[in-house]
Amino acid sequence: MTNFLTILFDGVAYGMLLFVLASGLAVTLGLMNFVNLAHGAFAAFGGYVCAVLVNRSGVPFFVALPLAFAAAALAGVVAERTLFRHLYRRSELEQVLFTIGFVFMAVAATDYVMGSSQVFINLPDVLQGQIDLFGVGIGRYRLMIIVICGLLTLAIQGTLARTRFGARLRAAVDDPRVASGLGINVPQVFAFTFAFGCGLAGLGGALGAEILGLDPYFPLKFLIYFLIVVTVGGSSTITGPFMAALVLGIADVAGKYYVPKLGAFVIYALMIVILIWRPHGLFGRTVAR
Amino acid sequence: MSVERRVLLRAAVCAVAVGAFAGMASAQETVKIGLIVPMTGGQASTGKQIDNAVKLYMQQHGDTVAGKKIEVILKDDAALPDNTKRLAQELIVNDKVSVIAGFGVTPAAFAAAPLATQAKVLQIVMAAGTSIITERSPYITRTSFTLGQSSIIIGDWAVKNGIKKVATLTSDYAPGHDALKFFKDHFVAGGGQIVEEVKVPLANPDFAPFLQRMKDSKPDAMFVFVPAGQGGNFMKQYAERGLDKSGIKVIGPGDVMDDDLLNGMGDSALGAVTAHMYSAAHPSQINKDFVAAYKKAYGQRPGFMAVGGYDGIHLLYEALKKTGGKADGDSLIAAVKGMAWESPRGPISIDPETRDIVQNIYIREVKKVDGELYNVEFATFEAVKDPGKTKK
Amino acid sequence: MRDLLVIEELRAGYGEAVVLPRFSLNVAQGEVLALLGRNGTGKTTLINSIVGATRRFAGRLALDGRDITRLRPDQRARAGIGWVPQERNIFRSLTVEENMSAVAQPGEWDIAKVYELFPRLEERRRNFGNQLSGGEQQMLAIGRALVLNPKVLLLDEPTEGLAPIIVDELLAALRRVTRVGATCAIIVEQNARKILGLADRVVILERGGIVHEGPSAPLRADPSVLERFLGVSGGAGTPRDPA
Amino acid sequence: MSDMTTLSPVAASTARIGRWRWQETAFWLLVVASYFLFSDRYLILTEIAWLALFALSLDLILGYAGIVSLGHAAFFGVGAYGVGLLAKHGIIEEPVLALLAAGLMAMALGFVTSFLVIRGTDLSRLMVTLGIALLLRELANRFSDITGGFDGLQGFTIAPVLGLFEFDIFGRTGFVYCTVVLFVLFLAARRLVNSPFGLSLRAIHNNRLRAEAVGIPVDRRLIAVYTVSAFYAGVAGALFTQTTALASLDVFAFERSADLLLILVIGGGGYLYGGLIGAVVFKILQEIFSSITPQYWLFWIGLVFVVIVLVGRERMRRWARVAPDFLLRRLGLSRGVGGGGSRGGEP
Amino acid sequence: MTLALETIGLDKRFGGLHVTCDLALKVEAGARHALIGPNGAGKTTVINLLTGVLTPDAGRILLEGRDITALPVNRRVRAGLARTFQINQLYPELTPLETIGLAVSERLGHGADWWRRRGTRAEVNDEIARHLEHFRLTDVCDERTVTLPYGKQRLLEIAVAIACGPRVLLLDEPAAGVPESERHDILAAVASLPRDVTVLLIEHDMDLVFSFADRISVLVNGALLVEDTPERIARDPQVRAVYLGEAQDA
């Protein structure tokens with residue numbers, strides 16, 4: 001039982017991390033119909049910003065995290081205003097070509113600037129090791145991930161549910177034509193949301209460096225996972241990817257723990273089965289009304 | 001998508017014109033080396049260390065040996081064997097290289113082997129570590145190591161040092177299987193017991209469930225092999241799960257404690273015992289110089305991949321000296337056999353029979369030296385041959 | 001009274017299809033205009049063109065003296081166009097209150113006033129858009145347009161789905177709305193009789209053009225004009241096409 | 001022919017269907033010419049040839065039928081391992097027969113998986129196809145006693161083609177072999193897309209609703225073309241193994257499928273030559289950039305993608321119309337069409 | 001008279017919304033039958049049910065006496081039920097020639113031919129030429145549909161449906177969105193549809209309805225209000241109420 005709880009805890013932490021990393025992609029893909037395969041580049045950017053701040057400039061980890069968010073969000077705004085904005089009307093395949101090209105450039109540039117070796121972020125002692133709670137091993141770092149990501153999820157949910165901006169965003173998603181006709185500047189709302197998604201990715205990159213590792217190929221290595229989370233969750237809500245990330249995180253960890261021989265198959269097989277069962281994702285909208 | 005067909009010819013003309021690149025004329029007095037390593041993709045750091053080391057060596061020793069100018073042509077195969085093969089083939093056929101070197105992963109080395117045989121060209125394997133590579137062609141020699149070498153040593157060492165129960169965690173691919181097999185052979189034969197055996201998928205972002213299995217099986221130590229790039233991640237999560245506190249030692253071949261990542265792993269790595277052929281802390285003058293020069297040039301500590309490259313180019317220089325500049329495969333491979341020298345890693349030689357490397361394997365423990373983490377050697381097994389061949 | 005909304009030589013439609021070939025119309029301050037016509041005659045297209053949701057091939061639009069031809073729909077809305085879409089298009093993942101607060105602009109109308117107008121909405125303020133009945137959706141769509149505090153209120157079949165008593169209430173409210181301040185309204189209706197009492201002027205459309213225009217009072221007395229243009233028989237105002 | 005009575009527009013138009021245009025002839029003449037012009041680059045030409053076939057296979061489903069796939073490497077991989085295993089166990093050694101057999105294996109897989117793919121959204125198709133390829137990769141890794149696992153399939157040699165032509169170190173045989181296979185399958189594909197069947201695929205792609213409403217059995221057509229496409233991809237994979245004598249796990253890799261998609265996007269789908277041109281452009285760019293900077297070529301190729309999209313296909317097409325003429329004029333007629341490009345470096 | 005198309009107890013709900021209620025529609029063979037009704041009466045749903053885009057919750061659909069309720073869209077077409085769409089559903093990148101060719105070869109069973117070049121069957125070519133001629137599309141037969149004027153596209157929409165060789169043709173607002181200048185062509189095309197084809201017309205344009213139909217059904221709130229001849233429909237107080245809002249007065 002305690003084992004099971006530990007595994008559950010690990011799975012939840014992993015899932016939460018995946019969610020924060022992928023949520024921005026869910027936003028661009030689901031809300032703005034923009035296939036942004038370069039999403040991981042913003043995550044990596046946030047991760048590297050955090051690493052440089054902590055390791056080289058001695059900024060405390062907990063200060064560096066919001067900075068990573070801010071830096072990635074800023075990068076997101078700049079990229080959106082200068083480049084991605086021009087692509088919203090292009091075909092999906094052109095978006096794919098463009099954003100993959102962007103990732104390639106980001107990867108090579110990171111390699112050039114930061115080197116190809118993995119980078120680690122020096123963690124404060126409080127975050128290292130495990131605490132024992134009634135026999136359930138709780139990793140401090142993972143606990144922090146759950147706390148931060150949980151709070152973030154609540155904050156996102158809160159923003160969406162309780163603020164005027166959230167209401168405007170949901171309105172823009174529900175029916176962009178009418179939202180626009182009623183005075184909501186839909187592109188602006190989306191741009192802000194895009195930047196926020198990039199910021200989240202950056203934060204996810206900073207948080208994930210410890211568990212997923214951080215190297216120049218991060219955006220490509222984890223692209224598949226982001227896509228899985230978003231497609232399985234369905235890209236039209238934020239709850240969908242959240243639940244999907246949790247399900248996949250727990251299933252992956254539990255699968256690897258209980259049947260390590262089949263560990264690698266679990267996540268792919270699960271994805272295929274879910275998508276055949278529900279092509280629009282677990283929480284996706286169906287086409288027919 | 002409809003494209004006007006009129007464009008077809010013109011597009012083709014464009015393509016052909018752009019693609020018209022010609023091979024360079026080869027001058028008599030140069031010896032060309034095709035260095036094929038992964039410079040992009042997941043294995044990029046391997047390629048970069050080797051490339052750095054080769055460049056460093058040539059800076060230190062000049063680019064002329066035995067009256068010949070040495071020219072290195074660097075190619076990126078992204079660790080894809082079909083790329084390796086094509087690049088090797090083109091280097092041999094078009095660029096007329098006398099030596100092909102590098103090879104970050106085993107399939108890449110395999111892919112080039114038949115070409116070495118066919119073209120009678122020396123092939124120096126500087127990284128790939130599967131035992132049978134050298135048997136693939138009579139023109140192959142190796143300056144890295146085999147996983148067997150380090151794995152059997154750590155197996156023997158574990159038995160002798162009171163480790164009774166071991167859980168193993170190895171990457172689910174050929175080198176991982178190799179490491180596990182050799183370790184098990186020696187450890188179990190010596191009376192040890194394997195209490196848990198886990199194979200980790202190669203593309204695996206989270207070690208948590210596997211580490212939890214390790215923890216649950218309550219071993220004295222865990223034997224770990226993961227590819228060089230993943231070592232840091234692994235150790236981070238090892239510490240996070242509190243395995244260091246619960247007294248489960250990490251033992252294994254040295255890949256997991258690669259010098260170029262060691263410092264980033266943090267104090268959790270302290271106390272890990274691994275067997276390997278190189279440590280940046282190897283206490284010889286020649287190594288100190290090597291590390292200092294490498295750090296100066298690239299701002300980084302050299303890892304075992306760098307040493308493989310450094311020794312590889314050294315081997316070639318020495319072989320050319322011996323042949324008086326003759327660079328055909330037969331002369332070179334003959335010169336290489338039995339060659340012995342003092343490398344930064346310690347004394348090494350090339351086995352005349354197998355053309356594989358014979359070297360000391362050191363048992364090291366991660367310790368803090370001057371505020372930095374190092375693999376500090378504390379026991380030496382001398383002149384270890386590749387057990388994959390001696391067994392036969 | 002001055003013209004609040006001016007449409008000049010508008011040519012609009014969707015994609016390649018031109019629905020309004022050449023359309024001109026002025027609406028004066030305080031005026032309530034009833035836009036009548038059978039299905040598919042271009043009424044909704046006209047409304048959508050004023051909102052900015054169609055393709056404009058040519059022509060010009062001005063609101064309160066300001067040229068809005070090149071404004072985006074959201075800019076037009078903020079400039080003073082209040083829209084009640086035909087399908088109501090309530091944002092279904094927003095609550096009743098959010099549906100209004102998301103678009104509200106400062107002015108005479110606020111949410112509290114809408115609740116006064118439609119007490120039913122206040123009862124359901126926490127319900128989501130997709131949980132409302134048709135009539136409630138219609139009230140909300142109107143309330144949502146009102147809190148924009150528009151200069152021109154565009155109502156596309158606002159009475160559809162409403163109980164007669166609500167219709168009366170609504171029409172009374174509209175009368176009040178248009179009487180105060182610089183406001184006018186265009187109401188599209190299929191059900192002509194309902195709004196004859198409210199409208200000052202009637203415009204009847206046929207194939208994207210105006211076939212009848214005039215004050216509503218005479219029509220109340222003599223419905224034959226309505227019969228001719230809106231009735232269920234062939235041979236309306238235009239000559240029959242040779243078939 | 002009785003139906004060609006007068007020069008009615010319909011007769012005139014139908015008579016043009018599938019007729020060879022001079023541009024096409026020129027394209028293939030250039031392919032032949034490349035044999036003589038680039039005799040020291042057979043290897044990369046060979047790679048381009050099987051890559052072009054692979055891209056052609058994706059073009060059939062994406063460019064014509066509109067089915068996106070991010071897992072086409074699944075079929076490539078089956079073809080590749082298929083040929084390798086046939087050769088290793090001495091079941092079919094003659095390359096051409098083995099090629100067919102491997103293609104059929106991939107085709108079988110294509111038929112089975114087509115049922116998972118014909119329904120759903122573009123995104124779910126991308127992910128399902130990707131998932132299938134990744135699962136196959138894991139399977140190949142797991143059953144390493146059959147496949148050789150990570151080290152790749154070992155210990156097989158490829159017999160001479162038709163028992164006559166040995167694969168040589170210069171890659172001449174490989175190139176000619178691949179090009180001939182490419183050409184033959186290209187002709188078949190050309191036939192296919194110019195048939196009523198091919199037209200119905202384009203119709204489904206253009207407007208599925210309308211296609212159904214004129215009585216086209218959409219699902220069956222899609223299954224059929226997906227299966228054919230799998231055959232093509234399998235043959236491409238088989239060619240890969242036969243010309244390199246290698247088969248390792250990376251034949252199933254995500255990158256392979258992703259590159260393929262990029263190639264088709266670069267070349268443009270739906271006119272058969274898109275994949276071919278895309279393969280040429282992609283490989284040559286990669287070759288040029290990686291020989292200039294083995295470390296950072298990814299950056300430059302990424303830049304090219306970005307620029308391609310930003311500039312836009314229409315504008316590029318206009319340039320493409322002007323550029324070769326310009327180039328030809330600059331080079332002078334005496335140099336012919338194959339003269340060194342501006343970036344190629346003169347011998 | 002035999003019935004070309006008949007629905008028996010047809011019922012469809014979307015969630016709580018009852019869009020088609022126990023609909024019994026009877027269209028006689030060879031009829032020119034119009035289906036009218038105010039917005040939201042459920043006309044589109046009826047078409048989607050008839051053509052198989054939607055599956056009814058209850059009830060049956062008979063085509064010339066044959067139960068087609070369970071057939072998928074494409075099989076209904078082959079059974080003899082073709083339609084046009086209110087908003088053009090054409091192939092933007094294909095030419096009129098190809099568009100019509102597809103329908104013709106599919107009907108003649110050549111649609112799956114994969115080894116035969118298109119345009120090599122005289123029977124198909126002849127028929128394509130005939131349809132193109134009839135709908136005045138011959139001169140644009142080689143142009144991409146997306147480049148055609150809207151009126152031509154509208155003609156093509158009807159031509160495709162006819163090329164399917166239907167026994168029953170559903171025309172969904174054939175004149176919608178067509179500019180005045182091109183309207184004549186459409187009306188002429190509709191008027192000259194072969195007499196042996198039964199036509200069910202869904203239309204708002206009363207001119208067209210009354211000039212074309214010999215029978216009219218009025219649909220209100222998903223149910224059949226009344227079915228009668230045009231003359232009587234025009235005088236029917238119920239119908240007038242629906243269209244003019246005279247309910248209270250009447």
Side-chain angles (χ1 to χ4, degrees), chain A residues 29-30 35 37-38 83 86-87 90-112 116 216-217 220-221 223-224 227-232 234-235 261-281 284 286-287, chain D residues 62-63 66 68 70-71 113 115-139 141-142 254-255 257-259 261-266 268-269 278 286 289 293 295-313:
Chain A
L29 197 64
V35 188
L37 299 187
L83 294 173
H86 304 292
L87 296 165
R90 299 296 190 81
S91 75
E92 285 167 10
L93 288 178
E94 280 189 305
Q95 293 173 356
V96 166
L97 185 65
F98 182 91
T99 50
I100 280 285
F102 187 85
V103 175
F104 282 0
M105 291 172 71
V107 165
T110 314
D111 196 341
Y112 184 75
S116 54
Y217 285 86
L220 288 173
K221 247 198 297 192
L223 176 59
I224 296 177
L227 286 173
I228 291 176
V229 167
V230 175
T231 32
V232 168
S235 51
K261 278 191 161 47
L262 296 177
F265 294 89
V266 173
I267 196 165
Y268 304 134
L270 195 63
M271 172 185 78
I272 293 178
V273 169
I274 289 177
L275 286 181
I276 286 164
W277 172 46
R278 303 202 56 152
H280 294 270
T286 41
V287 188
Chain D
L62 178 54
V68 286
L70 202 47
T113 54
F115 293 92
L116 309 181
V117 170
I118 50 167
R119 303 215 165 268
T121 62
D122 279 358
L123 193 60
S124 71
R125 275 177 183 160
L126 280 181
M127 297 313 289
V128 168
T129 49
L130 171 64
I132 292 167
L134 291 175
L135 278 182
L136 282 174
R137 186 186 181 283
E138 286 303 327
L139 280 176
N141 187 30
R142 182 54 45 84
F254 161 66
E255 288 79 5
S257 306
D259 282 354
L261 195 59
L262 296 180
I263 285 171
L264 197 62
V265 178
I266 291 170
Q286 202 176 351
F289 290 136
T293 161
Q295 277 193 51
Y296 304 115
W297 58 270
L298 215 49
F299 182 88
W300 300 107
I301 206 158
L303 184 66
V304 170
F305 294 169
V306 166
V307 169
I308 286 178
V309 177
L310 281 185
V311 170
R313 198 177 302 280

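Only heavy atoms go into these numbers, but all of them, side chains included; no hydrogens, no water, no symmetry mates. Sequence lines set the chain letters: A, B, ... in the order given, protein chains first and strands last, and positions in each chain run from 1. Remember, predicted model here, so these are calculated numbers, not experimental data.
- In this structure the side chain of A/Ile272 reaches within 4.5 angstrom of the side chain of D/Leu135, judged on heavy atoms.
- Once rounded to the nearest 0.5 Å, the distance linking CG of D/Leu298 with CG of A/Leu220 reads 7.0 Å.
- With rounding to the nearest 0.5 angstrom, the OH atom of D/Tyr296 is 5.0 Å from the CG atom of A/Asp111.
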Between D/Ile308 and A/Leu97, is the side-chain contact (heavy atoms from CB on, under 4.5 Å) condition met? List the steps.
CA-CA 9 Å; D/Ile308 286 178; A/Leu97 185 65; 4.0 Å; yes

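- Here the CG atom belonging to A/Leu227 is positioned 8.0 Å from the CG atom belonging to D/Leu130, to the nearest 0.5 angstrom.
- D/Leu310 touches chain A through backbone and side chain together, each having a heavy atom under 4.5 Å away.
- Counting heavy atoms from C-beta outward, D/Leu264 and A/Leu93 have side chains that stay 4.5 Å or more apart.
- Contacts of A/Leu37 with chain D are absent, with no heavy-atom separation under 4.5 Å from either backbone or side chain.
- Inter-residue side-chain proximity for A/Phe265 and D/Leu139 is flagged as met; some heavy-atom pair is nearer than 4.5 Å.
- The minimum heavy-atom distance linking D/Val309 with A/Arg90 is given by the pair O-NH1, 2.7 Å.
- To the nearest 0.5 angstrom, A/Met271 atom CE is 7.0 Å from D/Leu134 atom CG.
- Residues D/Leu126 and A/Thr231 have side chains not in contact (no heavy-atom distance under 4.5 Å, counting atoms from C-beta outward).
- Most heavy-atom pairs under 4.5 Å with chain D: of the set A/Ala106, A/Ala109, A/Ala108, A/Ala269, this distinction falls to A/Ala108.
- In this structure, chain A has a heavy atom under 4.5 Å from the side chain of D/Asp122, while its backbone stays farther away.
- In this structure, A/Phe104 and D/Phe299 have side chains that are not in contact, with every pair of non-hydrogen atoms separated by 4.5 Å or more.
- When every heavy atom of A/Pro279 is checked against every heavy atom of D/Ser124, the shortest pair comes out as O-CB, 3.3 Å.
- When heavy atoms are compared at a cutoff of 4.5 Å, D/Arg125 does not approach chain A at all.
- Here the side chains of A/Tyr268 and D/Ile132 are not in contact, with every heavy-atom distance at 4.5 Å or above.
- Note that CZ of D/Phe305 and CE of A/Met105 are 11.5 Å apart. Values are rounded to the nearest 0.5 Å.
- Heavy-atom distances place no part of A/Gln95 under 4.5 Å from chain D, backbone and side chain included.
- Looking only at side-chain heavy atoms (C-beta outward), D/Leu123 and A/Leu275 stay at 4.5 Å or farther from each other.
- With respect to chain D, the highest number of heavy-atom pairs below 4.5 Å among A/Ile228, A/Val107, A/Ile276, A/Ile224 belongs to A/Ile224.
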